[in-house]
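Structure, as structure tokens:
Atoms within a ligand are numbered from 1 in the order they appear, just like the ligands themselves. What you see is a predicted model, and the numbers here were worked out from it, not measured in a lab. Position 1 is the first residue of the sequence, and the numbers go up from there.
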Amino acid sequence: MTKQSGTQLWTLLLQSVTLVTLVCAQVDKRNCSIDHSGLPSDACTFDLRMRGAQPKQSDQYYCTGYSVSRDILGSNTDGYILRYEAIADAGTAHHILVFGCEQLEHDKDSMWSCGKVCVGDQIIFAWAKNADPLTLPKDVGQHIGKGTSINFIVVQIHYVVPLQSPDTSGIRLYTTQQRQKYISGIYLLLSYGVSIPPDTEKVHIDSACTFDWEDSIIPIGYRTHAHSLGKVISGYKVHNGVYEMIGKGNPQWPQAFYPVTSHVEINPGDVLAARCTFSSIGRHRKTEIGATANDEMCNFYIMYYMNATLENNRGRGECLGNSVPLLFDSIPADSDTPLPPNPALEDVAMGHHHHSLNGENKEESEKDDTALKQSIPNPVTKPQSEHPHDQGKLHNLGATMDPAFSLKFDGEVGGMKIGQVGGLAVNGNGDLYIFHRGDIVWNSLSFDDENRYTLQNRPIEVDSIVIVDRNGTLKRSFAKNWFFMPHGLTVDSDGNMYVTDVALHQVFRILPSGDKVDMTLGMRFEPGSDNDHFCKPTDVAVLKNGDFFVSDGYCNNRILKFNKNGYVVSSFGSSSTKMGLDGYPPPSTFFLPHGLTLAEDKGQLCVADRENGRIQCFALDGTFIRQIHPPQFGRAVYALEYSPNHNGLLFAVNGPDVGVNMPDTEGFTIDINTGNLLAVWNRPSGGLMHPHDLAVDDRDHVVYVGELNPSKVWKFKMDQTMYSALPQVSVDNNSNTVATTAANTIIVSSNSGKNTNGSLNSNKDLNGANSKPNVGNKVAGNVNNIDLTHTAAGNKGLAGAKDHATSADQANDLPKTESIDTEDGMGASLIIGALLVVPVLILIVITILVRLYHTVSHLGTRGLP
Ligand SMILES: *[C@@H]1O[C@H](CO)[C@@H](O)[C@H](O)[C@H]1NC(C)=O
Ligand SMILES: *[C@@H]1O[C@H](CO)[C@@H](O)[C@H](O)[C@H]1NC(C)=O
Ligand SMILES: *[C@@H]1O[C@H](CO)[C@@H](O)[C@H](O)[C@H]1NC(C)=O
Ligand SMILES: *[C@@H]1O[C@H](CO)[C@@H](O)[C@H](O)[C@H]1NC(C)=O
Ligand SMILES: *[C@@H]1O[C@H](CO)[C@@H](O)[C@H](O)[C@H]1NC(C)=O
């Protein structure tokens, strides 16, 4: 071998080594060019992202892991987490848990379905929809890496719905290498080995331990966890018999850490105590503490900080069961008093156990799945919302607002005793029809995990349809023992009533006399999503020719069109998890279509797309026309009603919201031709609380609003200016009023001016009724897929009592495969990597052999030194 060829080989080798280095070297995936204000100068971020998860069913869990030293700290051995920030879309990720792990049992570059999270798992952070980032107090950090038991971090995402494309949501960690004066940690109180008796109003499960560490801890956050029977969980420090509250949580609220608001210092010798209160009314079996959805849990997490120098002197961060039973004799009496209702937070019983995108099982009076914007205070909150939805939401009265379109409050209707108001309608005589729930209240036990109504032997024992005249005087009432959970009500021009019952999953047409149902659609108590089933249908809108639309509903995001004989002629609408640039999902997708109204003179059907916080209007064949979502709507739109007055108005009500910078619950007047908001109106003193439906009496210039809570119907009158400027209204006795929209009576000059006749001719659309029903494949399959009740009872007791992977929330409908393939692109890069590495390695080996041969031959000629 010549010297020249040797040099060439060396060059080659060098190149190969460079290549190998390029291929194999750790790329620092951190971002250290961040805004360091409030953070140490060396702080970097690392994104714990899901590696392209693509759930095929509702309610799937995915886990993925990262190495602390290799990934998160960019090859440093240890460091501190200072801040957690979600990089997630609330419509996609229901909640995210971050676990510290000793070891992974899965390849850290893989994803798996979270049956087991990891070895030595401990929750270090929890995020639920739209919670603000969590910044630990100054000088406090979560220590990770060498010298701690956290060598890996696993991020677990609970996906709400199937996804069309791979998801990379996750959590952004802010870390520093600088040693922190204080370290944070989690102390967990939990119970096991006990059971909850059936049908019992109040059951306490307690846990308490003496805190026997060498130094004090200061709680900064707490998190509660139970399943559907859990009502309230309270945690205390007890010193010399004196109770000091650490936190009290409603386990049905989102699974985040909530701030500890008072300064509590837990010193060695104090007792830590937690009481979980359950109600098992309606559950006719014993419930164990365990891991599956059939079981219950009783967990109280304390996020604390302590002096970092004592890090390794920490005791066990777990209190199992109750080692101080007597203590609870003197627990504060209010420890089992539930927290006041917080409608927007109370979604999670649903969200958490058997919600789906479609909001099935959503308890209307209280639970609002997407309501969590601004609502989850993590310790050290940032009041700014990051949701496009929320921007500038607060009463930025648009230029289109016109006081003439505001409504004046005119008192309560009737004063009769009614229950939660499901639906309202007005007939051509100005009679008001009220569809109410008597003493039945929709709560988290009303439906099981398969959307089946649980109180099937308990119809509403009072007349659930009440008719009053325009003066509020009772005319008649009926439908005793007919219905279970009244929802929508519509009266057609002949006086027929169309009602939906979400418990029965049925739609009924009742003759004007009120003594007979002449059409029943859907199967009694059977949820479903084909042409013969509904799943909690919400509302009906009837065309003059008797054909009608049904919005279906809580668990199917579709609108069905029926001919007057009750046969499905078409359907449209689907679920979506995508967000457009406007912060709203694509047109023609719904998240709980909750109310319908027809503007037949405009050829339009408008839908209250409740959980998307918008109104969508369609041509009668389902062609999308426009969506309406002024910022004043806020989170949710519950109901809407059309009036042909003034060339076409929509009246609407939104849903309750919480938190700062959220709009009020109120009523809206909208120009149907332009979608412009014309006015916002409300009830004085208290305002609207939880409006559920509204109805318009055109002739009397009245709008009625029915509320769930309080169970009342309110009357609003159109303003005098509006009144006097009204176009001539021709009323044909029994029909809904038909206004002549003569151009000279229009007092609002609509900006667009075009399209006043509606974009489609309704006759044409009706003729298109032959279009094939397209139902089954459009429905998010949550009805059949979720089968939590049939999950095999898992390991009870201790192992099952810890909220590992919120395991009870995980249906055993997880895919059987343990590991989920990573995204295609990733596989490809691995293959490319392998293709590159193998020849390079071969080259290196050859080169070394050649060099060796060279050296040996040298040695051969020169002899040993
Ligand atoms: C790093 O973070 C900053 C601030 O968030 C951002 O502007 C920048 O684009 C990020 N750099 C990379 C490489 O991601
Ligand atoms: C932490 O504990 C050490 C030893 O007890 C003490 O010297 C130090 O002042 C403490 N540090 C803080 C920040 O409290
Ligand atoms: C309503 O009350 C007004 C005034 O009291 C009365 O003139 C009218 O006849 C009443 N209407 C009905 C339908 O009872
Ligand atoms: C109006 O009422 C009369 C008498 O009740 C009835 O005969 C007629 O059909 C009704 N007209 C319409 C359009 O409903
Ligand atoms: C609206 O409909 C009326 C009656 O059908 C028709 O005469 C008129 O030209 C239409 N206007 C527009 C703008 O299409």
Side-chain angles (χ1 to χ4, degrees), residues 21-53 64-93 96 98 108-109 111 124-127 129-142 144-145 152-155 157 165-178 180 256 373-374 376 378-392 579 581 583 822-826 828-830 832-833:
T21 318
L22 276 178
V23 172
C24 302
Q26 251 341 124
V27 183
D28 190 344
K29 297 192 215 86
R30 297 179 306 162
N31 179 0
C32 300
S33 328
I34 55 169
D35 175 8
H36 284 93
S37 54
L39 295 167
S41 57
D42 74 327
C44 297
T45 61
F46 181 84
D47 293 351
L48 298 168
R49 284 185 186 270
M50 198 49 69
R51 294 172 154 103
T64 195
Y66 289 88
S67 156
V68 168
S69 58
R70 192 198 68 164
D71 302 323
I72 295 164
L73 298 177
S75 81
N76 293 293
T77 55
D78 76 323
Y80 297 83
I81 300 170
L82 304 175
R83 177 179 165 91
Y84 304 84
E85 200 174 278
I87 332 162
D89 165 32
T92 307
I96 304 182
V98 178
K108 62 186 171 313
D109 293 328
M111 288 190 299
I124 57 175
F125 178 65
W127 178 89
K129 291 179 184 176
N130 295 321
D132 290 322
L134 165 64
T135 306
L136 295 175
K138 190 168 169 359
D139 297 327
V140 180
Q142 168 70 50
I144 53 172
F152 296 89
I153 291 186
V154 168
V155 56
I157 301 188
S165 54
D167 177 67
T168 56
S169 303
I171 297 286
R172 176 164 297 163
L173 299 180
Y174 288 72
T175 61
T176 178
Q177 259 65 65
Q178 286 179 25
Q180 299 296 299
K373 297 180 184 74
Q374 293 288 341
I376 304 164
N378 262 315
V380 193
T381 51
K382 180 174 74 67
Q384 190 86 31
S385 165
E386 287 156 4
H387 250 243
H389 254 67
D390 296 343
Q391 308 273 322
M579 279 290 172
L581 290 176
T822 46
E823 190 179 350
D824 284 349
M826 205 138 170
S829 64
L830 278 178
I832 292 167

If you look at every heavy atom in I157 and A93, which pair is closest and at what distance?
CG2-CB, 3.6 Å
Any protein heavy atom at under 4.0 Å, with atom 2 (O) of ligand 1 as the reference point?
yes
Option passing salt bridge (charged side-chain N to carboxylate O under 4.0 Å, His left out) with D71 (candidates R30, R49, K29)
K29
Anything under 30° is parallel, anything over 60° is perpendicular, the rest tilted; go ahead and classify Y66 against F46.
perpendicular
Does ligand 1 have an atom under 4.0 Å from some heavy atom of I34?
yes
Flag: protein heavy atom within less than 4.0 Å of atom 11 (N) of ligand 1
yes
Atom 4 (C) of ligand 1: closest protein heavy atom, distance to 0.1 Å, is S33 O, 3.9 Å
Of the non-hydrogen atoms in I153 and I124, which two are nearest, and what is the gap between them?
CD1-CD1, 4.2 Å
Kindly give the heavy-atom pair with the smallest separation between M111 and M50, and that separation in Å.
SD-SD, 3.5 Å
Any non-hydrogen protein atom below 4.0 Å of atom 14 (O) of ligand 1?
yes
Indicate yes or no: does an N/O atom of N31 lie under 3.5 Å from an N/O atom of ligand 1?
yes
